[in-house]
Q: 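Here it is, the structure, as structure tokens.
Counting starts at 1 for both ligands and their atoms, in listed order.
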Amino acid sequence: MNFEKAEKLAQEAGFDSVAYLDCETIELLEEVRGMCAMNTCGMYGKNQACPPSCGTLEECRKRIGQFHWGILIQTVGEIEDSFDFEGMQQAEKLHKKQFLALADKLRSFCPDLLPLGSGCCTVCKSCVGPDAPCRFPQKRMSSLEAYGILVSDLCSKNHLKYHYGPEHIAYTALFLLG
Ligand code: SF4
């Protein structure tokens with residue numbers, strides 16, 4: 001697998017933007033992990049792929065340390081304004097669908113890839129929760145925030161646009177591949 005192949009698969013999956021990701025640019029911040037602990041999404045401590053079940057930042061750093069490169073992918077949706085929650089949900093739903101489909105494709109080339117998406121893991125209709133073993137550890141997907149990654153900063157360091165203006169919303173994810 002090389003970047004050109006991964007880029008082509010991501011474009012075929014429907015993503016609007018794809019960029020090469022240099023793992024040297026990934027920084028894990030306690031402040032970002034701290035935002036998870038504020039539990040504004042309501043999933044803290046409820047999903048195996050969310051904190052604290054996804055491990056300490058040091059454990060996340062070790063997992064990331066096995067890779068040198070990956071791809072950043074984005075779904076960019078149109079919204080009427082910053083109160084268009086329906087438009088945001090539609091774009092997010094599409095992003096997650098494309099993300100799961102691309103994960104399956106990429107795994108046939110890179111079985112040990114590391115996916116980091118947006119929001120909690122939705123591989124199962126309902127997660128086993130924080131205390132039982134994950135049903136599909138090979139498919140589990142944590143969010144970028146769960147790993148302490150500031151998405152805007154990561155995009156900027158890898159030459160990928162993050163803000164697309166008031167009438168657009170971008171959802172970002174990554175796959176570490178090699
Ligand atoms: S794969 Fe299933 S059990 Fe494991 S974290 Fe995801 S939703 Fe939960």
Side-chain angles (χ1 to χ4, degrees), residues 1 6 9-10 12-16 18 21 23 26-67 69-75 77 85-86 88-151 154-155 169-178:
M1 170 69 69
L9 290 173
E12 285 170 1
F15 287 99
D16 298 297
V18 188
L21 169 62
C23 289
I26 300 176
E27 201 178 351
L28 308 194
L29 303 169
E30 288 290 351
E31 301 91 299
V32 178
R33 169 61 73 88
M35 285 193 260
C36 277
M38 288 168 72
N39 200 22
T40 46
C41 69
M43 293 311 294
Y44 186 83
K46 290 190 178 159
N47 187 295
Q48 273 287 328
C50 291
S53 302
C54 64
T56 64
L57 279 197
E58 198 44 48
E59 288 167 331
C60 294
R61 201 167 276 119
K62 273 190 192 149
R63 277 175 223 140
I64 288 175
Q66 297 167 27
F67 296 90
W69 72 279
I71 54 168
L72 272 169
I73 47 182
Q74 274 178 341
T75 303
F85 299 114
E86 197 182 323
M88 291 176 201
Q89 280 176 344
Q90 272 178 8
E92 186 181 15
K93 199 171 161 192
L94 176 64
H95 178 72
K96 286 203 162 191
K97 189 175 158 201
Q98 293 176 163
F99 185 60
L100 287 170
L102 181 57
D104 280 345
K105 287 240 167 91
L106 289 171
R107 272 203 188 91
S108 58
F109 300 95
C110 303
D112 297 323
L113 61 78
L114 178 63
L116 294 177
S118 60
C120 66
C121 181
T122 51
V123 168
C124 308
K125 270 192 182 161
S126 173
C127 185
V128 291
D131 301 320
C134 172
R135 291 187 196 102
F136 302 107
Q138 290 305 316
K139 290 188 172 184
R140 177 172 45 199
M141 299 169 170
S142 291
S143 70
L144 288 154
E145 289 81 6
Y147 268 55
I149 295 172
L150 189 60
V151 183
L154 188 67
C155 289
I169 185 157
Y171 290 91
T172 307
L174 65 76
F175 288 98
L176 300 186
L177 296 167

Q: Hey, is NZ on K96 packed in by over 12 heavy atoms from elsewhere, all under 6.0 Å?
A: yes

Q: Near atom 6 (Fe) of ligand 1, is there an N/O/S atom from C127 that is less than 2.8 Å away?
A: no

Q: Looking only at protein heavy atoms, which one is nearest to atom 5 (S) of ligand 1, and what is the separation?
A: Q48 CB, 3.4 Å

Q: Check this for me: does any side-chain nitrogen of one of K62 and E59 sit under 4.0 Å from a carboxylate oxygen of the other?
A: no

Q: Between Q98, Q90, E92, which is the residue that forms a side chain to side chain contact (heavy atoms under 4.5 Å, CB included) with L94?
A: Q98

Q: With a 4.5 Å heavy-atom cut-off, do V32 and I149 have their side chains touching?
A: no

Q: Taking 4.0 angstrom as the limit and counting only heavy atoms of N47, give me the atoms of ligand 1 inside it, by number and element.
A: 5 (S)

Q: Is a side-chain donor or acceptor of R107 paired with a backbone partner of D112 at a separation under 3.5 angstrom?
A: no

Q: Considering only the protein, which heavy-atom contact is closest to atom 6 (Fe) of ligand 1, and what is its distance?
A: C121 SG, 2.4 Å

Q: Out of F67, W69, F99, which residue meets the ring pair (Phe, Tyr, Trp, His ring centres under 6.0 Å) rule with F175?
A: F99

Q: List every atom of ligand 1 that sits less than 4.0 Å from any heavy atom of C124, numbering the atoms from 1 in the order shown and giving each element.
A: 1 (S), 2 (Fe), 3 (S), 7 (S)

Q: Has C134 got an N/O/S atom less than 2.8 Å from atom 4 (Fe) of ligand 1?
A: yes

Q: Within the 4.0 Å heavy-atom shell around R135, which atoms of ligand 1 are there?
A: 3 (S), 4 (Fe)

